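Numbered from 1 within each chain, the chains take letters A, B, ... in sequence-line order. Everything numeric in this text was worked out from a predicted model, so none of it was measured.
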Protein chains: 2
Amino acid sequence: MASPPHRKRRATVHDVAIHSGVSRGTVSRYINGERYVSSAAREAIEAAIREVGYVPNTAARNLVMQRSQSVGFIVHEPGSLFIEDPNIGEIMLGANATLSAEDHQMAVLVVDSDRDTDRVARYLSGGFVEGAIIVSARSHDPISEVIDRLELPAAYVGRPPDAPAAASFVVIDNRSAAAAITTRLAATGRRRIGMIAAALDRDSGADRLAGFREALGDRFDETLVEATPLYSYSGGRDAATSLLQRAPDIDGLFAASDAVAAGAMEALRAAGRRIPEDVAIVGFDDSTWSRRTIPALSTVHQPARELGAEAARLVLLKLRGEAAPTQVQLDCSVVWRESA
Amino acid sequence: MASPPHRKRRATVHDVAIHSGVSRGTVSRYINGERYVSSAAREAIEAAIREVGYVPNTAARNLVMQRSQSVGFIVHEPGSLFIEDPNIGEIMLGANATLSAEDHQMAVLVVDSDRDTDRVARYLSGGFVEGAIIVSARSHDPISEVIDRLELPAAYVGRPPDAPAAASFVVIDNRSAAAAITTRLAATGRRRIGMIAAALDRDSGADRLAGFREALGDRFDETLVEATPLYSYSGGRDAATSLLQRAPDIDGLFAASDAVAAGAMEALRAAGRRIPEDVAIVGFDDSTWSRRTIPALSTVHQPARELGAEAARLVLLKLRGEAAPTQVQLDCSVVWRESA
DNA sequence: TTGTAGGCGTTATCAA
DNA sequence: TTGATAACGCCTACAA
């Protein structure tokens, strides 16, 4: 037998049964609110429960019921994510609300090292969760492999390059959103519109550029696009500085993210441009950045909460054995502030 | 027996035993890497595992071992928290790193509704976790009650008013940090220093005011303190507006948080004051706010990651049955930028 | 080195 | 209505 690391033994159904003079079966029935418990038994049980301080061991219940009523929410690299991206918190909340309504527990699993990766993979396969929601998955991830191999009901927010084919994905339409805000920007009468593209190796980055190009059509000018590897402030600042030297006459700018836009605004200011008088600028994400820049940034709002809710809904669907769409796409909206 | 919601049955130790022609005991021993497994048995077992696709059910193992190797990380109202407070993410990371090093799984449990409160309380008492870390606990919280009643090894980040006496707390010294930054502000030669106090009903808020007062000593002027209920941008803006009307000659300002400071800066600007030339301002938290205001805000940095790491360390200590300090206090540092 | 069997705390079946 | 009893998947003393 095991030797528990010296902690107070907790009362069990067995104890309650002894103390109340009924059988474990009856106690169990009482606990699960079934009918067929006489009021005499009920009272005895209630007294016994108080007396011994019984609290049900859900883990044991799960073992026999073969379900844990909980789903994992896996988030990679939360260090940068939580700080830079307010969406992640909203996604969590959306997922939790949906799960909660169906009485499922959401357990957020942080992946911040290789150790974490392995441990979380074990956790997922260990019967603690019935399903998983994954945000910002990595390529060649043991976690995705586990999900795939175990056929664990899962939904990804975003679409990683090598995700399990059996999973579902909830995504936003980066391309049409980028096109929408570019069109809006052009409608303000700007003639020379540039873009600070970012993360072109990711779907999101590439799609935002594609949307920009699409919106401009014939007026698209390749020389007005400057790229930076990450969705970062400094990247935006540096790229904008280069762009400004190459094309000092730009009067409109689409940044691939709010952070990039904020960096670009610093460069614009340093170059003596007024915003939006000389150069109008728009971003993407509707992050806290967009509300704290001066002037406030016009940007694209992601339905973060809905993203999470939808992912949860998909997992729940699969859990019930119902058919779940393999991909669902949610619409973004343009929020217009003062920067353009 | 239960009827699992129609999912693929997973192979068990039993199946592996059958397929490999050895007993369950031997399979179990192999899995747990014990000695006393012949190489013949080993090979047969390995083959069988691959064949049937066995993956251990950790939940079942936990039941018999009486330990889950995981601790809950409970966060309330993450909606506002994740967005306003970058510290929370850092605290999570710090806790996770420490737990991970000891091979414990951290499960973040979000509390966002009454439903959540009850479910999480059940989860905590259900044997899924061996301990808990709580950030931003609420008063009269069923969760704290459960922790108290079950004597669940726990550590709080911050010290809620009615926390279980048996728990441990890791806190920062708001008072001396506030005193430190106020002293630094005074050292720049400011004569009339005001404060936008906030959340005076919380320890943190009251202590920051106390530190401010302490640092100023005789020069403390009660009429230069304006209070606002929450650590919010709008509260800071409105309070600063009032203060400015009452005392137009202030030349220094300590805001109880960065968000409050950012709001105050808006008010200052609206009143035509230059920062820091006319009025120098400092905040508290070193949140993203402080890096995005113009000019960048001088502020107090909380050792967020260490806060989380320390809380985890305390829980781990208790888990081992070792004595854990009832409270540990961590130092803050002043980070000086351009606003003062 | 291996097999047997009992138990972890529940729920569920079935006869009483 | 209730009480035995057999699972759930695993670990581990003890015997062989």
Checklist entry - Atom CZ of Arg67(A) to atom C1' of dC8(D): distance rounded to whole Å? => result 14 Å
Next on the checklist: Over all strands shown, is Ala41(A) touching base, sugar-phosphate only, or nothing at heavy-atom distances under 4.0 angstrom?
Outcome noted: sugar-phosphate
Item to check | Asp15(B) side-chain N/O to Thr12(B) backbone N/O, donor-acceptor pair under 3.5 Å | outcome: yes
Checklist entry - Just checking, is any N or O donor in the side chain of Ser70(A) or Tyr123(B) under 3.5 Å from an acceptor N or O on the other one? => result no
Checklist entry - Rounding to a whole Å, what distance do you find between Asp15(B):CG and dC8(D):P? => result 10 Å
Next on the checklist: Please tell me if Gln66(A) has a side-chain N or O lying less than 4.0 Å from either OP1 or OP2 of dG9(D).
Outcome noted: yes
Checklist entry - For Tyr30(A), which contact category applies under a 4.0 Å heavy-atom criterion: base, sugar-phosphate, or nothing? => result nothing
Item to check | Gap between atoms CZ and P, on Arg10(B) and dG9(D) respectively (whole Å) | outcome: 10 Å
Item to check | Length of the OH-C1' vector between Tyr36(B) and dC14(D), whole Å | outcome: 14 Å
Item to check | Nucleotide dG9(D), atom P - distance to CG of Leu63(B) in whole Å | outcome: 12 Å
Next on the checklist: So Val27(B), base contact, sugar-phosphate only, or nothing? Heavy-atom distance under 4.0 Å.
Outcome noted: nothing
Next on the checklist: I want to check one thing: is the phosphate of dC8(D), taken as OP1 and OP2, less than 4.0 Å away from some side-chain N or O of Asn62(A)?
Outcome noted: no
Next on the checklist: Under 4.0 Å from OP1 or OP2 of dT2(D): is there any side-chain N or O of Ser38(A) that close?
Outcome noted: yes
Checklist entry - Pick the nucleotide of DNA chain D nearest each of Arg24(A) and Ser39(A); which residue has the one closer to the 5' end? => result Ser39(A)
Checklist entry - Just how far, in rounded Å, is P of dA13(D) from CE of Met65(B)? => result 11 Å
Checklist entry - Any side-chain heavy atom of Val170(A) within less than 4.5 Å of one from Arg159(A)? => result no
Item to check | Ser168(B) side chain to Pro325(B) backbone, donor-acceptor under 3.5 Å | outcome: yes
Item to check | All side chain to side chain contact (heavy atoms under 4.5 Å, CB included) counterparts of Ala48(A), not counting sequence neighbours | outcome: Val16(A), His19(A), Ser20(A)
Checklist entry - When Ile143(A) is tested against each of Asp148(A), Asp116(A), Thr117(A) for side chain to side chain contact (heavy atoms under 4.5 Å, CB included), which residue passes? => result Thr117(A)
Checklist entry - Is there a donor-acceptor contact under 3.5 Å from the side chain of Ser125(B) to the main chain of Ala121(B)? => result yes
Item to check | Heavy-atom side-chain contact between Leu124(A) and Leu109(A) under 4.5 Å | outcome: yes
Next on the checklist: Nearest to the side chain of Val22(A), heavy atoms from C-beta on, is which of dT10(C), dG3(D), dA12(C)?
Outcome noted: dG3(D)
Checklist entry - Can you check whether Ser23(A) has a side-chain N or O nearer than 4.0 Å to OP1 or OP2 of dG3(D)? => result yes
Checklist entry - dT1(D) P sits how many Å from Arg35(A) CZ, rounded? => result 10 Å
Checklist entry - Counting only side-chain N and O atoms of Ser28(A), is one of them less than 4.0 Å from OP1 or OP2 of dT11(C)? => result yes
Next on the checklist: Does dG3(C) have OP1 or OP2 under 4.0 Å away from a side-chain N or O of Thr26(B)?
Outcome noted: yes
Checklist entry - Taking CD1 from Ile18(B) and P from dC10(D), how many angstroms apart are they, rounded to a whole number? => result 13 Å
Listed pairs, N/O of protein and of nucleotides 14-16 of chain C, under 3.5 Å:
none

